[in-house]
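Residue numbers count from 1 along this sequence. Side chains included, hydrogens not; waters and symmetry mates left out as well; all remaining heavy atoms used.
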Amino acid sequence: MLRAFAALALIPALLACEVAPKDSSRPESALEFPLPDRPVSTITSNQFSNEDARDRRGEAQKVMDLANIAEGMTVADIGAGEGYYTVRLADRVGEAGRVLAQDIDRDALERIGRRVENERLENISIKLGEVDDPQLPPDSFDRIFLVHMYHEVTEPYAFLWRLWPALVQDGQVIVVDADRPTDRHGIPPKLLFCEFDAAGFRLMEFIEKPDIKGYFARFERVETRPEPGAITPCSLAKRPE
């Protein structure tokens, strides 16, 4: 009798699953991945702050030094915005290096394109990305920069999973972000570490950097990435404070 009651109790839930509408807000290519168990910041601006103010803090130079950016490297600047890091990375890697500026905002990419043309920066390429896919070629990048943008990625597990193959052997993902709630344009470090770990990355270094208005984190990919269905989203409820 109890078994029959339990089976009957499951019927409404199963029917609800069958008739539940598809979440049309998610791209079809992301549906095999879990959603983040946290809020996501809205994209409010493609410019984190005034470039002169950032240069007075020496932000880009400090981050590039920490990331060991050298001549001849190939670097991707994801969420490039107005190109603050893009143009400075291009100068650091030199003529033998390459920088890819990527964003999901076509208008931002058009502005970067005009800047690249006006400043005659011949070692910069521009590419449109997707919310769940940075659209990077495999085995191509020594460094991938995610500066004050990861908290705005609506499909972080799909995004990181598809970022994974783009690194060369010994390549690194560089994250600069703020230790704030994810709906206030930041992400707590332990939550960041958990999400990267879930998608097949290992934390190499973490440094708190008030002088760049945030922290610096460096990741490398592990030997294999998990299957999309095996990814367990990190829970805010279980995250240590």
Do [X] and [Y] come within less than 4.5 Å of each other through their side chains, counting heavy atoms only?
X    : Y    : result
F141 : V168 : no
V173 : L146 : yes
R56  : D52  : yes
M149 : I78  : yes
P27  : V131 : yes
Y215 : K209 : no
D142 : Q172 : no
N50  : R54  : no

- Query: Distance-only, no hydrogens or angles: does the T182 side chain make a donor-acceptor pair with backbone N or O of I187 under 3.5 Å?
  - Reply: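 No, the answer is negative, given that no donor and acceptor are paired below the 3.5 Å cut-off.
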
- Message: Donor-acceptor check, side chain of R26 to backbone of A30, threshold 3.5 angstrom: yes or no?
- Response: yes

Check whether [X] and [Y] end up in the same hydrophobic cluster, where Ile, Leu, Val, Met, Phe, Trp and Tyr are linked by side-chain heavy atoms less than 4.5 Å apart.
X    : Y    : answer
I207 : V176 : yes
F193 : L163 : yes
V222 : W161 : no
L100 : L160 : yes
I144 : Y157 : no

Would you be so kind as to tabulate the donor-acceptor pairs closer than 3.5 Å made by side chains of residues 67-77, with sequence neighbours excluded?
{"from": "N68", "atom 1": "OD1", "to": "R218", "atom 2": "NH1", "distance (Å)": "3.2"}
{"from": "D77", "atom 1": "OD2", "to": "T86", "atom 2": "N", "distance (Å)": "3.2"}
{"from": "D77", "atom 1": "OD2", "to": "T86", "atom 2": "OG1", "distance (Å)": "2.6"}

- Message: Between R184 and S41, do the side chains contain a donor N or O and an acceptor N or O under 3.5 Å apart?
- Response: no

- Query: Any side-chain donor-acceptor pair under 3.5 Å between R92 and Q61?
  - Reply: yes

Who are the ring-ring contact (aromatic ring centres under 6.0 Å, His included) partners of [X], not counting sequence neighbours?
X    : result
F216 : none
F196 : Y150, F201, F219
F159 : none
Y84  : none

Compare every heavy atom of [Y] with every heavy atom of [X], then report the nearest pair and how far apart it is.
X    : Y    : result
P137 : S140 : O-OG, 3.2 Å
Q102 : I104 : OE1-N, 4.5 Å
D177 : H151 : OD1-ND1, 2.9 Å
P36  : T154 : CD-O, 3.8 Å
D132 : R162 : OD2-NH1, 2.9 Å
P165 : R225 : CG-NH1, 3.4 Å

- Item | Worked check of side-chain contact (heavy atoms from CB on, under 4.5 Å) between K213 and R57 | CA-CA 9 Å; K213 291 195 172 183; R57 295 194 299 268; 3.7 Å; yes

To the nearest 0.5 Å, what is the distance between [atom1] ([X]) and [atom2] ([Y])?
X    : Y    : atom1 : atom2 : result
D103 : L128 : CG    : CG    : 8.0 Å
S235 : D37  : OG    : CG    : 4.5 Å
R98  : N123 : CZ    : CG    : 6.0 Å
K62  : M64  : NZ    : CE    : 12.5 Å
I124 : E117 : CD1   : CD    : 12.5 Å
E152 : T42  : CD    : OG1   : 7.0 Å

- Message: Salt bridge or not between R88 and E51? Use side-chain N to carboxylate O under 4.0 Å.
- Response: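 Salt bridge between R88 and E51, a charged N being under 4.0 Å from a carboxylate O: yes.
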
- Message: One thing to verify: whether R38 and D183 come together as a salt bridge, which I'm taking to mean a side-chain N less than 4.0 angstrom from a carboxylate O.
- Response: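 Salt bridge: no.
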
- Query: Who else is in the cluster with V40 when I, L, V, M, F, W and Y are joined by side-chain contacts under 4.5 Å?
  - Reply: none

- Task: Let me see the working for L192 and F206 under side-chain contact (heavy atoms from CB on, under 4.5 Å), right down to the final yes or no.
- Result: CA-CA 11 Å; L192 177 79; F206 174 78; 5.9 Å; no

- Note on the structure: Only residue of D197, D139, D170 satisfying salt bridge (charged side-chain N to carboxylate O under 4.0 Å, His left out) with R221 is D139

- Counting heavy atoms not belonging to E208, are there more than 12 under 6.0 Å from its CD? no

